[in-house]
Amino acid sequence: EPVEISSTIIDHSPGWIVVEFLMRGKENQVKSFMWSHFVSFDLKNQKAGPIPEEVMKLIEESTTPKPAENFDERFLQLRKGLVGYE
């Protein structure tokens, strides 16, 4: 079955971002979803560090409001067919 996978940034701080991935099938039905946490890492110092300012500006402009307070609430929303953004 053909599916479409989309992603959007749903949360961020100066050192990390959270991205939601949705896999949808026929008629936009959600087949699966995932929240992935990305931490900014400074290769020179070999430790977590702040996201560069120019990248942070892009992240702030691209962030979609978090559709649920936590992963479990989001799961319940999606089971009811409520995506919450497009």
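The figures here come from the full heavy-atom set of this structure, side chains too, leaving out hydrogens, waters and symmetry mates. Note that the numbering runs from 1 along the sequence shown for the chain.
Every side-chain contact (heavy atoms from CB on, under 4.5 Å) that Val3 has, sequence neighbours left out, goes to Met23. Residues meeting the side-chain hydrogen bond (donor to acceptor under 3.5 Å, both in side chains) test with Glu1, sequence neighbours left out: Lys31. The side-chain hydrogen bond (donor to acceptor under 3.5 Å, both in side chains) test applied to Thr63 returns no partner, not counting sequence neighbours.
Pairs of residues two or more places apart, or lying in two chains, never qualify as ring pair (Phe, Tyr, Trp, His ring centres under 6.0 Å) while including a residue from residues 8-29. Counting only residues at least two apart or in different chains, side chain to side chain donor-acceptor pair (under 3.5 Å) contacts with residues 51-61 are absent. Under the ring pair (Phe, Tyr, Trp, His ring centres under 6.0 Å) criterion, no residue pair touches residues 38-67, with sequence neighbours excluded. Among pairs with a residue in residues 35-48, those fulfilling side chain to side chain donor-acceptor pair (under 3.5 Å) read Glu20-Trp35, Asp42-Asn45, at least two apart in sequence or across chains.
Note on Val18: it does not cluster hydrophobically with Met56, by side-chain heavy-atom contacts below 4.5 Å among ILVMFWY residues. No continuous path of hydrophobic side-chain contacts links Phe33 to Ile5 [ILVMFWY only; heavy atoms under 4.5 Å].
Note that CD1 of Ile51 is 11.0 Å distant from CG of Leu58, once rounded to the nearest 0.5 Å.
Within the 4.5 Å cutoff, side-chain heavy atoms of Val83 are placed close to those of Leu22.
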* Asked: Under the side chain to side chain contact (heavy atoms under 4.5 Å, CB included) criterion, do Leu76 and Leu78 qualify, and how do the steps go?
  -> CA-CA 5 Å; Leu76 295 174; Leu78 292 171; over 6 Å; no
* Would you sort out whether Ile9 and Ile59 count as a side chain to side chain contact (heavy atoms under 4.5 Å, CB included), showing the intermediate values? => CA-CA 8 Å; Ile9 299 169; Ile59 290 169; 4.3 Å; yes
Indicate every side-chain donor-acceptor pair of residues 65-72 with a distance under 3.5 Å to a residue at least two apart or in another chain.
residue	atom	partner	partner atom	Å
Lys66	NZ	Glu69	O	3.4
Asn70	OD1	Asp72	N	3.1
Asn70	OD1	Glu73	N	2.8

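For the pair Gly84 and Arg74, the tightest heavy-atom approach, listed with the atom from each and the gap, is N-NH1, 4.5 Å.
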